K.L.:
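The structure that follows is given in the form of C-alpha cells.
Quick caveat, the model's predicted, so the values are computed rather than measured. Letters A, B, ... mirror the listed sequences (proteins, then strands); counts begin at 1.
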2 protein chains.
Amino acid sequence: MSPPPRLRTATPARRKPARASRRAPRPAVATLEMVARAAGVSPSTVSRIINGTAAVSSERRLAVERAIARLDFRPNPAARGLASGRSMTVGVVTQAIDSPYYGEGLRGIEAHLQANGYAPLFMSGHWNARDEERALAQFAARRVDGVIFFAGRLGDKALAAFARLVPTVVTGRRLAGPGLASLKADDEEGARLATRHLAGLGHRRIAFLAGPGDNVDAREREAGYRRALAETGIAFDAGLVAAGDFHESGGLQAVNRLLDRGARFTALFCANDQMAQGACLALARRGLRVPADVSVVGFDDLPGSSYTIPPLTTVRQSVFALGECAARALLEMIGGRAPRLALPAVELVVRESTQRLRA
Amino acid sequence: MSPPPRLRTATPARRKPARASRRAPRPAVATLEMVARAAGVSPSTVSRIINGTAAVSSERRLAVERAIARLDFRPNPAARGLASGRSMTVGVVTQAIDSPYYGEGLRGIEAHLQANGYAPLFMSGHWNARDEERALAQFAARRVDGVIFFAGRLGDKALAAFARLVPTVVTGRRLAGPGLASLKADDEEGARLATRHLAGLGHRRIAFLAGPGDNVDAREREAGYRRALAETGIAFDAGLVAAGDFHESGGLQAVNRLLDRGARFTALFCANDQMAQGACLALARRGLRVPADVSVVGFDDLPGSSYTIPPLTTVRQSVFALGECAARALLEMIGGRAPRLALPAVELVVRESTQRLRA
DNA sequence: TGATGGCATGAAAGCGCTTTCATGTCTCCC
DNA sequence: GGGAGACATGAAAGCGCTTTCATGCCATCA
C-alpha cells in the first residue's frame with residue numbers, strides 16, 4: 001500500500017530545511033504567497049484580487065492572474081475559513097437521502113449552491129428528532145454558514161434556538177424568527193385540487209389515505225381534502241379515511257384496512273405518491289383495477305410516478321424548486337439580505353390513474 | 001432582516017479592545033485556548049487529549065474534559081484542517097443524486113463515514129465526463145481527504161491521474177493504481193442468475209434490454225445473459241436484444257422497438273430495474289400482461305421495486321453495501337492501510353413478475 | 001503653493017488549531 | 001548512587017489565508 005498522498009505545499013518542512021539532495025519537488029499545491037512572489041506583489045494584493053475586495057491597478061491584476069493560472073492556484077478553504085470565519089458550506093438535513101422525494105430536493109439545493117460557490121453537506125435525520133438534533137450539532141461543530149432543514153420532526157422551539165446560532169431555512173412548516181425562515185408549499189390547495197378533480201369526474205365516495213398525524217404537510221393535505229368535499233357538497237365520512245406513514249408499505253396496509261372494514265369507494269386520494277403506489281398494489285391484489293374500479297390520485301409527482309402502472313395522476317409541487325428556493329433564501333440570509341420566500345404554485349397533473357365514474 | 005449571526009469567539013476583536021461598555025458577551029464559541037486556560041493547562045495538552053496523540057496524567061485529563069464539557073467546546077475544523085492538512089471530508093461523485101440507485105449508495109456511504117468522523121461532500125456528474133471532471137476539480141480545491149467516484153463516464157486515465165493527488169475509490173469498473181482502488185459487483189454472475197431463472201421456468205425466447213454500451217456494468221450484464229443462454233442451450237438471437245439508457249423512458253422505448261419489429265418473446269430480462277419499470281408499462285400499453293404473457297426480471301432491487309405492479313423479480317446487489325464498502329475502503333486508504341475490496345455476493349430475488357411458461 | 005484627500009499598496013497581526021523541540025521529573029538498573 | 005531513559009508538559013512556530021493599519025503617491029482645491 002502506498003502512503004496516503006497528502007496534498008502539501010512546496011514550502012520546506014517545518015524547521016527541517018529541505019535536504020538539498022532531494023531532487024524533484026514533490027507534487028505541490030500553490031499557496032497565495034507563492035502567487036504573490038511569482039507576480040512580484042504582496043500577499044494582500046493577491047487576496048484583494050481573488051476576493052474583489054479592493055481596487056487594484058490593472059497591470060498588477062494581470063500579473064497576478066497570470067501567476068494564478070500558471071501555478072494553478074486554488075485558495076485553501078480551510079485557511080480561508082479560519083481567517084474569514086466563513087466555511088462556504090451549508091448543512092442540509094434530510095430525512096432519507098435515498099428517498100425519491102428528498103433526492104429531487106437535494107438536486108435543487110445542489111444546483112443553486114454550486115452556482116454560488118457553496119458546497120452542501122448532507123446528513124439524514126431518519127425521521128427522528130434525535131438524529132435530526134445530532135445532525136444539527138454536527139453542522140454547528142463543522143461551522144457551516146447556514147442550514148437547510150428539510151421537513152423533519154424536530155420541535156419548532158429547538159429549531160428556533162438553533163437558528164439563532166446559524167441561519168436556517170426550514171421546509172414543510174411555517175415558522176419564522178431571528179435567523180430563521182420557512183418555505184411551505186400550499187399543500188391544502190394541492191389536496192383541494194386533487195379531490196375536486198375526483199369529484200369533477202363524478203366520484204362521490206372518495207377515500208383518503210392520510211399521512212402521519214405529526215406532519216404538517218400531511219395535516220394540510222387532509223384539510224384540503226375536507227375542504228374540497230365541503231365545497232362539492234359531499235359529506236365527510238371518517239370511515240373512508242385511513243392513515244399511512246408516507247411509505248409504500250403504509251399505503252398498502254391502509255388500503256387493506258379500508259377494504260377489510262368494508263369501506264366502499266370509487267376514488268382514492270393518497271397524501272403522497274409513495275403511498276399511492278402501495279395503494280395501487282393493494283388494490284390490484286384484491287382484484288380492483290385502477291382506474292376502471294378505483295381512480296387514484298397521489299401527491300408530489302415523484303420522478304417515477306409517470307412510469308407506474310398506470311401512470312399516476314398526482315399533484316405536482318416541484319420538490320426541485322423547493323430545494324432551489326430554500327438554497328436561494330438561505331444564501332440571501334447569509335448575505336444579510338431579506339430572503340424571498342415565494343414558491344411556484346402547486347398544480348394537478350392528470351395522467352392515467354383516474355377516470356370518469358361509470359354511470 | 002437581522003444581521004447574519006456569525007459564530008465568533010469571545011476573544012476581543014482584533015486590535016480593537018472590547019469596549020468596556022458592552023454588556024452581555026455575545027454568543028461565543030469556545031476555543032481550545034479557552035479550554036486550556038479554564039483547565040489550567042497548556043493548549044498542547046488539550047490538543048493531545050482531544051486527539052489522543054500522547055499520554056496525559058489522569059488528573060489533567062479530567063480537568064480538561066470537564067472544561068470541554070462546561071464550555072461546550074467543539075474544535076474548529078477549519079483550524080484543524082489548516083494545521084493538520086486533513087479536512088475530514090470526502091468527496092462523493094454520483095451521477096444523479098435523485099436517482100433511487102445512487103440514493104441507496106449514498107446512504108451506505110453516509111452511514112460509514114459518519115461513524116468515523118468524516119463528512120461526505122456530494123456532487124453530481126450527470127452522466128457526463130465534463131461535469132464529473134468539474135466535480136473532481138471542486139473536490140481537489142476543497143482539499144477533501146479522499147474521493148468516492150460512483151460509476152460515471154470519466155476515462156480511466158483521468159481517474160488514475162486524479163487518484164495520484166487524492167486517494168480515490170471508484171465503483172462500477174475494475175481499475176487500480178497508486179491511490180486508486182475499485183469496487184465492482186459481479187454483474188455478469190447476477191445477469192446469469194436472472195437469465196437462468198427465466199430458462200428454468202421453461203422460457204426459451206428470452207429478450208434482453210441492454211444498458212448503455214459505454215457502461216461496464218451494462219456490458220457485463222449482457223455477457224451474463226449470453227453466458228446463461230449458452231449454458232442452457234438457447235441460441236443467442238440479436239433480434240431479441242434492444243438497448244436502453246438505464247432510465248424508465250429508455251426501457252419503455254426499447255420494448256416498443258422490440259415489439260414494432262415483430263420480436264416474439266415470453267420473457268424479458270432488463271439490465272436494470274428502472275428500465276424494467278418502463279418495460280412493464282410499454283407491455284401493459286400493448287395489452288401484454290406481466291407475468292401471464294411475459295415474465296420480467298430486473299437488476300438492482302431498488303427500494304421501490306417490491307411495490308411495482310407486479311412486484312419485480314430482480315437481482316439484488318445491495319447498493320447500500322456497495323456504498324458502505326467504498327467508504328470503508330477509502331478510509332483504509334486514507335489511513336495508509338490496504339483497502340479491503342470484498343463485496344457481498346449478488347442474489348436473485350424472486351417476486352411476482354415471473355412465472356412458469358404455460359405449455 | 002501648501003494643505004487635503006483619495007487611492008493603491010505593503011506590513012503584519014491574527015484566525016484556532018497541530019506538532020515539533022526543549023525541559024523538568026521520575027524511575028530504573030548496573 | 002549516578003547516569004540513562006522514559007514520561008509528561010509547555011513554549012512556540014507555523015498552516016494559508018483575511019483584514020486592519022500605516023504609508024507613499026498623486027490629483028485637487030482654495
K.L.:
I want to check one thing: is the phosphate of C:dG10, taken as OP1 and OP2, less than 4.0 Å away from some side-chain N or O of A:Arg37?
P.N.:
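Answer no for this pair, as no side-chain N or O of A:Arg37 is under 4.0 Å from OP1 or OP2.
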K.L.:
Between B:Asp72 and B:Arg70, does at least one N-O distance fall below 4.0 Å, as a salt bridge requires?
P.N.:
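Here B:Asp72 does not pair with B:Arg70 in a salt bridge, since their nearest N and O are not under 4.0 Å apart.
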K.L.:
Under 4.0 Å from OP1 or OP2 of C:dC15: is there any side-chain N or O of B:Arg80 that close?
P.N.:
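B:Arg80 to C:dC15 OP1/OP2: no side-chain N or O under 4.0 Å.
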K.L.:
Map B:Gly40 and A:Arg74 onto DNA chain D by nearest heavy atom, then report which one ends up closer to the 5' terminus.
P.N.:
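Whichever sits nearer the 5' end wins; that is B:Gly40.
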K.L.:
Among D:dT19, D:dG10, C:dC17, which nucleotide has an atom closest to any side-chain atom of B:Val41?
P.N.:
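Selected nucleotide (nearest to the side chain): D:dG10.
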K.L.:
Side-chain contact, heavy-atom cut-off 4.5 Å: A:Leu32 with A:Phe73?
P.N.:
yes
K.L.:
Going by the angle between their ring planes, with limits at 30° and 60°, are A:Phe150 and A:Tyr102 parallel, tilted or perpendicular?
P.N.:
perpendicular
K.L.:
Specify the residues of residues 44-67 of chain B, ordered by number, for which at least one heavy atom lies under 4.0 angstrom from an atom of DNA chain D.
P.N.:
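Hits under 4.0 Å, by residue number: B:Ser44, B:Thr45, B:Arg48, B:Ala55, B:Val56, B:Ser57, B:Arg60.
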K.L.:
Assess whether a salt bridge exists between B:Glu324 and B:Arg328, defined as any Lys/Arg side-chain N lying under 4.0 Å from an Asp/Glu carboxylate O.
P.N.:
no
K.L.:
Quick one: salt bridge (charged side-chain N to carboxylate O under 4.0 Å, His left out) pairs with a partner in residues 111-134 of chain A, sequence neighbours left out?
P.N.:
A:Asp131-A:Arg134
K.L.:
How many whole angstroms separate atom CG of A:Asn76 from atom P of D:dT18?
P.N.:
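Whole-Å distance recorded here is 10 Å.
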K.L.:
Measure from CG on B:Leu32 to P on D:dC15 and round the result to the nearest Å.
P.N.:
19 Å
K.L.:
Of the nucleotides D:dA11, D:dG14, D:dT19, which has the atom closest to the A:Ser84 side chain?
P.N.:
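Nearest listed nucleotide: D:dT19.
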K.L.:
Mind calculating the distance between CD (B:Glu33) and P (C:dC15) to the nearest angstrom?
P.N.:
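Roughly 8 Å, once rounded to whole Å.
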K.L.:
Starting at atom CE of B:Met34, determine the distance to atom P of C:dC15, rounded to an integer number of angstrom.
P.N.:
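It is 12 Å, rounded to the nearest whole Å.
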K.L.:
Are A:Arg107 and B:Asp98 ion-paired here, with the side-chain N under 4.0 Å from a carboxylate O?
P.N.:
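Result for this pair is yes, salt bridge flagged.
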